[in-house]
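Take a look at the structure below.
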Amino acid sequence: MSNHNHSPLDLQAIRADFPILDQEVHPGKRLVFLDSAASSQKPRQVIDAMSHYYEFGHANVHRGIHVLSERATDAYETARDKVQHFINARSRREIIYVRNATEGFNLVAATWGRANLVSGDEIVLSVMEHHSNIVPWQILAAEKGITIRYIPITPDGQLDQAAYAEFLRSGRVKLVSVMHVSNVLGTVNPIREMAAQAHAVGALFMSDGAQAVPHLKVDVQALDVDFMAFSAHKMAGPTGIGVLYGKRALLEAMPPYMGGGDMIRRVTLEGSDWNELPYKFEAGTPAIAEAVGLGAAVDYLNTLGMENILAHERIVADYALDRLYEVPGLTVYGPDSDKRNGVAAFTLKDIHAHDIAQLLDEHGVAVRAGHHCAMPLHKILGVAATARASFYVYSTTEDVDVLVEAIYNARKVFTR
Ligand code: 7TS
């Protein structure tokens, strides 16, 4: 592993933690997994924590007074504490378990949005957003007569800050919701500054942490975001669970999202009262094993150290950019390496991204091809689809070498 001499991570040890990576996916072709932005792989520590929970500790939470129910409740709530400290929230009550980042946006749109926005109000998003941070607001806008404004991007794939400042001057903006790190361009957006600007005009700020929380140290107090959504499955944790962070006063004032068990204090046939935070937003039997897995994923990332993870991914991504820039006919989208993180989306001449992904797969290389749930962004880039390589703690420069070699092979197939 000559090329990561400077990585602060012990890649050999880390790769041994991820059993799925150690396999051939085609005869003689080892798996080169470069699709972590869609969903990361899980270390043994996470898989074991979830198995252990099912083998020794499963029961429903917040219900029984028997040993197993207490154990399950303890495991579920301990994971919440871990998440709270991981993102530096002030209180565990600010950590709402949801299914994924998508549900986080839907929850805020359907509760805070419905309760607080009226016709004529404005919401500011950006053209680089994932569909999950566009569609819930469009549904709300249609219902309420709200206007959505989209911050455009500069030619090198950064948010146009002058346009943002201009939008804020209307005096009607009530919410800004913008991604921290782009899943296509890799752009790291200046969330702290943008949140401060929103607050200066009395608007709330929500950040999409889905591609940030797994890769960099995200401190919600330092960023001063009002809401943030992210998914466990992109940060070495399981599918089926994510987190909505919200400032306590805002969450307290919001109506509930779903009704049912656990989210109530008292139910009568005439009406009901809501439970305290965070339970007000957690109706029904939750994803308990998944919370345990999320807690184990947080432990795993903390053991590696978020600074080390970022430094390692920078090394791999910079190496990937350098090598991809050399490939004739290949276009990489997004800004220079000092303003981006983790992903490299590209097109190769006029070869369709799905054909590239197919040819790469024959070499064992897993990349995603398509619009990556960012159709508006792809329209602006002027392409229907891109192929995307994305990196995580277990990615190596050798993986990049296999990718680039496979791309050269794909070129040959199409220029024959
Ligand atoms: N926000 C960003 C920035 C994302 O990248 C994704 C998923 C989501 C939100 C939604 O996450 P979910 O867990 O609720 O689905 N992004 C991708 C992707 O880039 N490829 O597959 C999923």
Side-chain angles (χ1 to χ4, degrees), residues 37 40 46 76-105 107-108 112 130 132-133 176-183 188-196 198-199 204-238 240-252 254 277-279 281-282 286-287 290-310 313 341-342 392-393:
S40 77
V46 168
Y76 180 73
E77 295 301 337
T78 300
R80 195 189 308 273
D81 295 338
K82 291 177 181 179
V83 173
Q84 178 207 334
H85 296 301
F86 191 58
I87 63 168
N88 195 30
R90 283 171 202 81
S91 159
R92 65 193 315 282
R93 294 184 188 279
E94 298 180 320
I95 306 299
I96 313 291
Y97 288 134
V98 288
R99 276 192 307 140
N100 44 35
T102 299
E103 191 174 51
F105 294 110
L107 192 159
V108 175
W112 180 86
H130 186 275
S132 62
N133 190 24
V176 177
S177 189
V178 167
M179 66 202 327
H180 194 157
V181 178
S182 165
N183 62 324
V188 182
N189 291 317
I191 292 300
R192 189 160 59 96
E193 292 76 8
M194 293 180 75
H199 292 152
L204 295 186
F205 191 95
M206 177 160 194
S207 83
D208 176 352
Q211 299 292 352
V213 174
H215 303 280
L216 19 129
K217 180 75 200 143
V218 172
D219 177 330
V220 290
Q221 292 191 60
L223 294 175
D224 197 22
V225 293
D226 298 292
F227 298 108
M228 178 174 75
F230 58 100
S231 296
H233 70 92
K234 293 184 200 285
M235 52 185 284
I241 192 161
V243 172
L244 171 68
Y245 159 80
K247 284 184 184 164
R248 185 167 176 176
L250 292 168
L251 294 172
E252 299 272 13
M254 277 154 55
L277 290 175
Y279 312 111
F281 294 106
E282 294 181 5
E290 288 74 9
V292 170
L294 169 57
V298 166
D299 287 343
Y300 187 79
L301 298 179
N302 277 334
T303 302
L304 299 185
M306 292 311 289
E307 291 79 10
N308 296 332
I309 290 172
L310 181 63
E313 288 181 19
N341 196 49
Y392 206 31
V393 294

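Hydrogens, waters and symmetry mates play no part in the numbers below; they use all other heavy atoms, side chains included.
- Gln211 places a side-chain N or O within donor-acceptor distance of the main-chain N or O of Ala37, the cut-off being under 3.5 Å.
- A distance of 12.0 Å separates CG in Leu301 from NZ in Lys82, rounded to the nearest 0.5 Å.
- Scanning both residues, Ile309 and Pro214, for their nearest heavy atoms gives CG2-O, 4.3 Å.
- Here CG of Leu277 is found 8.0 Å from OG of Ser91. Values are rounded to the nearest 0.5 Å.
- Met228 and Val220 get closest at one heavy-atom pair: CE-CG1, 3.6 Å.
- Atom OH of Tyr245 is separated from atom CE of Met206 by 11.5 Å, given to the nearest 0.5 angstrom.
- Between the side chains of Tyr76 and Glu282, at least one donor N or O lies within less than 3.5 Å of an accepting N or O.
- In this structure, Lys217 and His85 approach most closely via the heavy-atom pair NZ-O, 4.2 Å.
- No side-chain heavy atom of Thr78 sits under 4.5 Å from any side-chain heavy atom of Val292.
- In this structure the side chain of Leu294 reaches within 4.5 angstrom of the side chain of Tyr97, judged on heavy atoms.
- Taking every heavy atom of both residues into account, Asn308 and Leu304 meet most closely at ND2-O, 2.9 Å.
- The side-chain tip of Lys234 does not point at the ring of Tyr392 from less than 6.0 angstrom away and within 45° of straight on.
- Of the possible polar contacts, none joining the Ser231 side chain to the Gly242 backbone as a donor-acceptor pair under 3.5 Å is found.
- In this structure the side chain of Arg90 reaches within 4.5 angstrom of the side chain of Gln221, judged on heavy atoms.
- In this structure, Glu77 pairs ionically with Arg92, as a charged nitrogen and a carboxylate oxygen lie closer than 4.0 Å.
- Side-chain atoms of Ser40 come within 3.5 Å of backbone atoms of His233 as a donor-acceptor pair (strictly under, hydrogens ignored).
- With respect to Asp224 and Arg192, no salt bridge is recorded, no charged nitrogen being found less than 4.0 Å from a carboxylate O.
- No side-chain heavy atom of Asn100 sits less than 4.5 Å from a side-chain heavy atom of Phe230.
- If you check the side chains of Glu313 and His215, you find a donor sitting under 3.5 Å from an acceptor.
- Here CD1 of Ile191 is found 5.5 Å from OG of Ser207. Values are rounded to the nearest 0.5 Å.
- Put simply, the side chain of Leu223 does not reach to within 4.5 Å of the side chain of Asp219, judged on heavy atoms.
- Between Ser132 and Thr102 the shortest heavy-atom distance is CB-OG1, 3.4 Å.
- Nearest heavy atom pair, residue Leu310 against residue Leu216, reads CD1-CD2, 3.9 Å.
- For the pair Phe281/Leu244, no side-chain contact is recorded, criterion being any heavy-atom separation below 4.5 Å from C-beta on.
- With values rounded to the nearest 0.5 angstrom, Phe105 atom CZ is found 11.5 Å from Phe227 atom CZ.
- No donor-acceptor distance shorter than 3.5 angstrom exists from the side chain of Arg80 to the backbone of Ile96, with no hydrogens or angles considered.
- Between the CZ atom of Phe205 and the CE atom of Met194 there is a distance of 5.0 Å, given to the nearest 0.5 Å.
- Looking only at distances, no side-chain donor or acceptor of Arg99 sits under 3.5 Å from a matching main-chain atom of Gly240.
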Give the intermediate values and the outcome of side chain to side chain contact (heavy atoms under 4.5 Å, CB included) for residues Val213 and Val243. CA-CA 11 Å; Val213 174; Val243 172; over 6 Å; no
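- Residues Phe86 and Val218 have side chains not in contact (no heavy-atom distance under 4.5 Å, counting atoms from C-beta outward).
- Between the side chain of Asp208 and the main chain of His180, no donor-acceptor pair closer than 3.5 Å is present.
- With hydrogens and angles disregarded, no donor-acceptor distance shorter than 3.5 Å links the side chain of Glu94 to the backbone of Ala89.
- Residues Lys247 and Leu204 are not in side-chain contact: their nearest non-hydrogen atoms beyond the backbone lie 4.5 Å or more apart.
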